[in-house]
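Heads up: the structure comes next, in structure tokens.
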Amino acid sequence: MQPNYHPQAIETAAQQYWEEQHAFRAEDQSDKPKYYCLSMFPYPSGKLHMGHVRNYTIGDVLSRYHRMKGCNVMQPMGWDAFGLPAENAAMANNVPPAAWTYDNIAYMRQQLKSLGLGIDWSREVTTCTPEYYRWEQWLFTRLFKKGIIYKKTAVVNWDPEDRTVLANEQVIDGRGWRSGALVEKREIPMYFFRITQYAEELLRDLDRLPGWPEQVKTMQRNWIGKSYGVRFAFPYTLDGKEEKLWVYTTRADTIMGVTFCAIAAEHPLATYAANNNPQLAAFIEECKRGGVAEADIATMEKKGMPTGISVTHPLTGEQVPVWVGNYVLMSYGEGAVMAVPAHDERDFGFAKKYRLPIKQAIQVANEIFSTDVWAEWYADKERGVCVNSGKFDGLNQEQAVDAIAADLATKGLGEKKVQFRLRDWGISRQRYWGCPIPIIHCITCGDVPVPDDQLPVVLPENVVPDGAGSPLAKMPEFYQTTCPKCGGKARRETDTMDTFVESSWYYARYASPNCTTGMVGKQAAQQWLPVDQYIGGIEHAILHLLYARFFHKLMRDEGLVQGDEPFKNLLTQGMVIAPTFYREETNGRKLWINPADVDVKTDERGRPVGATLRADGQPVIIGGTEKMAKSKNNGVDPQAIIDQYGADTARLFMMFAAPPDQQLEWSDSGVEGAYRFLRRIWNFANTHSPKGSNLNLQFNWGDAALSIKEWRREIHVIFKQADYDFGKNQFNTVASAGMKILNALERVPNAREGNPGVDVEAALFVIAEGFSILLRLLSPIAPHITQTLWEELGYGDDILTAPWPEVDEAALVQDEIELVIQVNGKLRGSLRVAKDADKATLEQLALAHEAVQKQLAGGAAKKIIVVPGRLINVVI
RNA sequence: GCCGGGAUGGCGGAAUUGGUAGACGCGCUGGACUCAAAAUCCAGUAUCUGCGAGGAUGUGGGGGUUCGAUUCCCCCUCCCGGCACCA
């Protein structure tokens with residue numbers, strides 16, 4: 001055995017051994033229970049970042065743990081290979097996105113292998129290959145024929161200078177990121193997935209996912225946003241014709257407080273009104289400036305302008321003015337809202353700004369209403385009762401909604417309606433690096449899906465986009481085609497699909513990654529789905545996870561998969577964050593400096609007092625601790641850590657530094673601490689030689705010294721807790737349990753130092769047993785060092801298939817326990833007592849306790865609370 | 001703005017169901033070893049106070065429930081994630 005710990009050597013050897021053994025091949029046929037462990041696949045951006053390392057280490061820890069528990073584990077990996085960054089890189093380096101992407105994949109695959117991940121590489125999928133996306137196109141054509149996919153217009157960010165559609169992240173302060181031109185909203189035709197048709201089911205099935213974090217389910221519920229309200233109309237006459245302005249509200253009980261209506265700038269009524277109102281036309285133009293991101297629209301200043309048109313209140317018959325409001329969105333509901341300034345905070349602000357009337361329609365007992373300031377209770381659904389509402393006066397929210405909806409229905413002007421906030425999913429992208437939409441446009445036949453035998457529609461790979469418009473739309477060799485129906489000249493669709501589509505079904509493809517006869521092999525899907533454990537970033541809590549759930553239901557309805565949900569258990573991991581450092585440049589801009597180039601100075605208590613740049617010794621400013629990002633230059637390259645300390649150290653640090661679902665703060669000294677611990681394990685194996693054969697030693701436990709039994713008890717207590725923590729995915733305390741076990745083992749009286757009699761054997765046994773527990777406990781986290789030592793010390797050939805340790809309950813038994821003594825809940829002392837002492841005895845002992853006597857000062861106790869096994873609290 | 005999280009020593013974090021706050025690690029201080037340094041090992045380390053035994057305070061801030069609250073309830077502040085074309 002090597003005297004020193006050399007991670008590079010043992011890690012290379014272990015990885016080679018696993019590869020030769022095909023150790024991580026998932027068996028399609030097996031008697032063992034299957035465990036499908038999936039980590040979100042990476043976008044091949046160039047090299048791994050710490051977020052990947054964290055994500056994949058968590059997945060690998062769970063995979064290895066379940067393998068030791070006897071499961072047939074499948075842990076696949078692949079590449080989410082279509083996307084915007086490849087186009088940006090292509091433009092920057094004049095390299096086609098395909099070449100850039102494939103190069104990145106090759107490099108990152110090798111990086112993943114050096115982390116020692118137990119991945120079945122025979123199942124690798126790459127979404128930008130025709131073998132993958134052909135099935136996406138195939139499903140598209142099925143759904144198109146079924147009407148699940150349809151076409152309508154949608155509003156996008158339009159860069160008038162580059163004449164191209166921009167992603168939200170490409171709009172910076174209302175301007176295009178490359179051109180700097182003011183961005184406009186523009187309506188273009190798009191294909192949509194009718195996800196709203198599944199809204200009810202997507203909502204309901206959240207209740208059938210006990211293995212998902214409550215937080216994620218809550219976010220999805222709110223996103224789907226089922227509401228019970230009333231859809232009703234304000235009638236009006238326009239050019240002698242009877243028309244209706246439809247709105248939707250969840251607060252029909254406040255309908256008597258309506259003082260105006262607000263409509264979106266794109267609403268037909270607004271367009272009509274603007275015809276002979278240049279001021280209004282100008283305002284509508286102003287509303288069309290800026291991007292489409294909801295966060296921007298919701299935070300911008302609320303503005304409006306009257307249309308000059310009035311509509312009739314459906315119940316009172318009063319005339320209600322109609323305004324155009326920049327905060328009303330055409331894509332939400334009806335594109336028009338009733339405004340009740342007295343009972344909606346946003347309407348209140350709007351009414352104050354434009355001096356519109358405010359009419360109270362709800363009252364809460366003992367509150368005073370004032371139109372001067374907004375008060376929380378104005379919108380109170382629970383306590384509010386109708387006032388100034390004629391026959392509805394005195395009704396509570398529920399009663400009022402019922403009565404008002406009934407009245408509206410009688411007049412044929414409205415009805416109760418369940419509505420969802422969720423909108424249909426627009427998937428058309430005017431981009432090159434994505435999956436081509438398999439539609440052919442024919443003048444006579446319309447939109448015709450590409451027939452199966454003409455799939456896939458292959459994306460040409462040797463294209464470098466130029467940032468202006470869609471490259472495919474400039475390639476006649478791509479778009480010129482013939483209609484599959486009539487054989488006439490036709491034009492191929494040149495939009496590609498949203499890259500969320502690829503990531504919505506990859507989990508299913510892994511079951512049969514090379515299937516050439518279908519999207520998924522039926523047998524394989526039945527064997528492997530659903531995913532038992534899915535792991536990924538919390539930032540995907542809504543969109544990706546909702547789309548994948550939706551796709552599973554679509555595939556189920558096509559008869560491709562069984563079950564209603566794709567992911568049984570979900571673990572959302574936190575971000576990796578790191579300190580930031582910067583210098584102010586003369587123009588006031590911040591120059592961000594990488595933490596690796598900075599020395600931090602501390603005072604005598606370890607508090608940071610300043611930092612300097614290593615290159616010039618001059619001070620730098622210490623910024624906050626933020627998500628590792630290029631923009632703040634605070635990323636730490638995982639490769640540098642692996643090269644210097646080895647994969648086991650990187651993995652151990654990531655698991656130890658924080659629980660998986662919380663953010664993880666990067667710390668160079670923390671990494672060194674992890675390395676130091678692994679080296680201590682190695683040294684312990686060298687100096688104590690805790691051989692596997694020592695587990696066969698013969699001795700009599702009954703004669704063993706109490707201290708030896710105490711040490712064994714401590715190790716089993718630590719392991720029991722660690723095993724429990726493992727089940728909770730709390731790997732940071734599992735790692736710390738490993739440290740505690742090693743600390744304990746180092747304190748066990750060394751048998752070779754001459755402890756007399758039978759204790760030598762007992763001590764050797766306890767050390768060997770403890771060490772074997774330690775190696776197995778840590779093997780999912782630090783697989784290389786534990787595999788090497790397991791084999792070298794003769795515990796077995798392969799720790800991968802070693803049985804998970806078991807707690808010896810007999811070792812945990814204690815005759816005496818320590819109880820805490822409290823007076824009025826304050827710690828005042830402790831007491832050693834027999835483990836089965838009765839309550840009366842304990843009370844006696846507590847009262848007699850010196851510290852309690854002192855507190856009592858001759859008085860009597862009011863009450864004594866005994867918590868068995870924990871404490872005695874004397875109340876005085 | 002809306003939805004969802006988070007806040008505990010100098011730092012990361014621990015505390016099973018409301019029951020000893022600060023496990024484990026980092027950092028720091030002192031010591032051993034060394035010609036010296038690194039590495040390693042040993043001891044100490046929430047704050048204030050006290051020679052000491054001890055005492056008081058303390059889990060973002062304010063209030064409440066309880067014999068007892070980091071944990072449960074109400075209000076507030078700050079930080080982070082998402083908001084439909086980044087992935």
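Just so it is clear, the model here is predicted, and its values are computed rather than measured. Residue numbers start from 1 in every chain, and the chains themselves are labelled A, B, ... in the order their sequence lines are given, proteins ahead of strands.
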So what does A/Val820 touch, heavy atoms closer than 4.0 Å: a base, only the sugar-phosphate, or nothing? base
Of the candidates B/rA21, B/rG54, B/rA84, the side chain of A/Lys854 sits closest to B/rG54
I'd like the C1' distance from B/rG13 over to B/rC72, given in whole Å. 24 Å
Which listed nucleotide (B/rU20, B/rU16, B/rG82) is nearest to the side chain of A/Tyr724? B/rU16
Any donor and acceptor pair, going by atom type alone, linking the side chain of A/Asn686 with main-chain N or O of A/Pro3 inside 3.5 Å? yes
Any base atoms under 4.0 Å from A/Ser669, or only sugar-phosphate, or nothing? Heavy atoms, all strands. sugar-phosphate
Establish whether the base of B/rC85 is bridged to the side chain of A/Gln430 by a donor-acceptor pair shorter than 3.5 Å. yes
Quick check: any donor-acceptor pair below 3.5 Å linking the side-chain of A/Glu665 to the base of B/rG13? no
Nucleotide nearest A/Thr733 (side chain, heavy atoms from C-beta), chosen from B/rU20, B/rC86, B/rA23: B/rA23
Partner of B/rU66 by Watson-Crick or G-U wobble geometry, both contacts under 3.5 Å, or none? none
Have a look at A/Arg423 and say if it touches a base, only the backbone sugar-phosphate, or nothing, with a 4.0 Å heavy-atom cut-off. base
Is a donor-acceptor pair below 3.5 Å formed from side chain A/Asn873 to base B/rC67, judging by atom type as modelled? yes
Can you tell me how far C1' in B/rU20 sits from the matching atom in B/rU59, rounded to whole Å? 15 Å
How many Å lie between CG on A/Asn683 and C1' on B/rU40, as a whole number? 9 Å
Could you check if the base of B/rG50 is syn or anti? Syn means the glycosidic torsion is within 90 degrees of 0. anti
Answer with base, sugar-phosphate or nothing: what part of the nucleic acid does A/Lys862 contact at a heavy-atom distance below 4.0 Å? nothing
Using atom NZ of A/Lys740 as one end and atom C1' of B/rA15 as the other, report the distance to the nearest whole Å. 10 Å
Any donor and acceptor pair, going by atom type alone, linking the side chain of A/Lys226 with main-chain N or O of A/Ile224 inside 3.5 Å? no
Between C1' of B/rA69 and CG of A/Asn824, the distance in whole Å: 16 Å
Tell me whether the side-chain N/O atoms of A/Asn222 come closer than 4.0 Å to OP1 or OP2 in B/rG4. yes
From the options B/rG1, B/rG81, B/rA84, select the nucleotide whose nearest atom is closest to the side chain of A/Trp223. B/rA84
Between CG of A/Asn168 and P of B/rG82 the distance, given in whole Å, is 13 Å
Can you confirm if the NZ or CZ of A/Arg421 lies within 45° of the ring axis of A/Trp223 and under 6.0 Å from the centre of its six-membered ring? yes
Could you label the plane-to-plane angle of the A/Phe731 and A/Phe726 rings as parallel, tilted or perpendicular, counting under 30° as parallel and over 60° as perpendicular? perpendicular
Checking A/Asn55 against A/Met40 for the side chain to side chain contact (heavy atoms under 4.5 Å, CB included) test, could you report, in this order, the C-alpha distance in whole Å, the side-chain angles of both residues, the deciding distance, and whether it holds? CA-CA 8 Å; A/Asn55 195 156; A/Met40 289 183 185; 4.2 Å; yes
Do the ring planes of A/Tyr56 and A/His52 sit parallel (below 30°), tilted (30 to 60°) or perpendicular (above 60°)? parallel
Among the nucleotides B/rU20, B/rC85, B/rG81, whichever has the atom closest to the side chain of A/Leu871 is B/rU20
Counting C-beta onward and ignoring hydrogens, is there a side-chain heavy-atom pair between A/Met497 and A/Arg429 closer than 4.5 Å? no
Applying a 3.5 Å limit to both distances, which nucleotide forms a Watson-Crick or G-U wobble pair with B/rC26? B/rG10
Considering every strand and a 4.0 Å limit on heavy-atom distances, what is the contact class for A/Glu672: base, sugar-phosphate, or nothing? nothing
With both distances kept under 3.5 Å, what pairs with B/rA37, Watson-Crick or G-U wobble? none
Rounded to the nearest Å, what distance is computed from the CE atom of residue A/Met575 to the C1' atom of nucleotide B/rC80? 6 Å
Rounded to the nearest Å, what distance is computed from the CG atom of residue A/Asp725 to the C1' atom of nucleotide B/rA14? 10 Å
Starting at atom CZ of A/Arg747, determine the distance to atom P of B/rC41, rounded to an integer number of angstrom. 12 Å
Roughly how far apart, to the nearest Å, are B/rG62 and B/rG9 at atom P? 15 Å
Could you tell me how far B/rA39 sits from B/rC26 if I compare only their P atoms? Round to whole Å. 12 Å
Given that both distances must come in under 3.5 Å, which nucleotide forms a Watson-Crick or G-U wobble pair with B/rG81? B/rC3
A/Arg676 has its side chain closest, among B/rU20, B/rU40, B/rC3, to B/rU40
Say you pick atom P in B/rG25 and the same atom in B/rC80; how far apart are they, in whole Å? 32 Å
Sugar-phosphate only, base, or nothing, as touched by A/His544 at under 4.0 Å among non-hydrogen atoms: nothing
On a whole-Å scale, what distance lies between the C1' atoms belonging to B/rA87 and B/rG19? 46 Å
N/O (side chain, A/Thr499) to phosphate O (OP1/OP2, B/rA87) under 4.0 Å: yes
The side chain of A/Tyr332 is closest to which nucleotide in this list: B/rU16, B/rC85, B/rA84? B/rA84
Looking across every strand, which nucleic acid part, if any, lies under 4.0 Å from A/Arg221 by heavy atom: base, sugar-phosphate, or nothing? nothing
In Watson-Crick or G-U wobble terms, with both distances under 3.5 Å, the base opposite B/rA46 is B/rU57
Side-chain atoms of A/Leu543 come closest, of B/rU20, B/rG27, B/rC83, to B/rC83
Classify the ring geometry between A/Tyr506 and A/Tyr534 as parallel (under 30°), tilted (30 to 60°) or perpendicular (over 60°). tilted
Between atom NZ in A/Lys839 and atom C1' in B/rC67, what is the gap in whole Å? 12 Å
Using the side-chain heavy atoms of A/Arg679, tell me which of these nucleotides is nearest: B/rA23, B/rA39, B/rC3. B/rA39
For A/Phe193 and A/Phe551, take the angle between the two ring planes, folded into 0 to 90°, and tell me which bin it lands in: parallel under 30, tilted 30 to 60, perpendicular over 60. tilted
Distance between P atoms of B/rC79 and B/rG64 (Å, rounded): 28 Å
Pairwise C1' distance, B/rG31 and B/rU47 [rounded to whole Å]: 26 Å
From B/rG19, B/rA87, B/rC41, pick the nucleotide closest to the side chain of A/Arg680? B/rC41
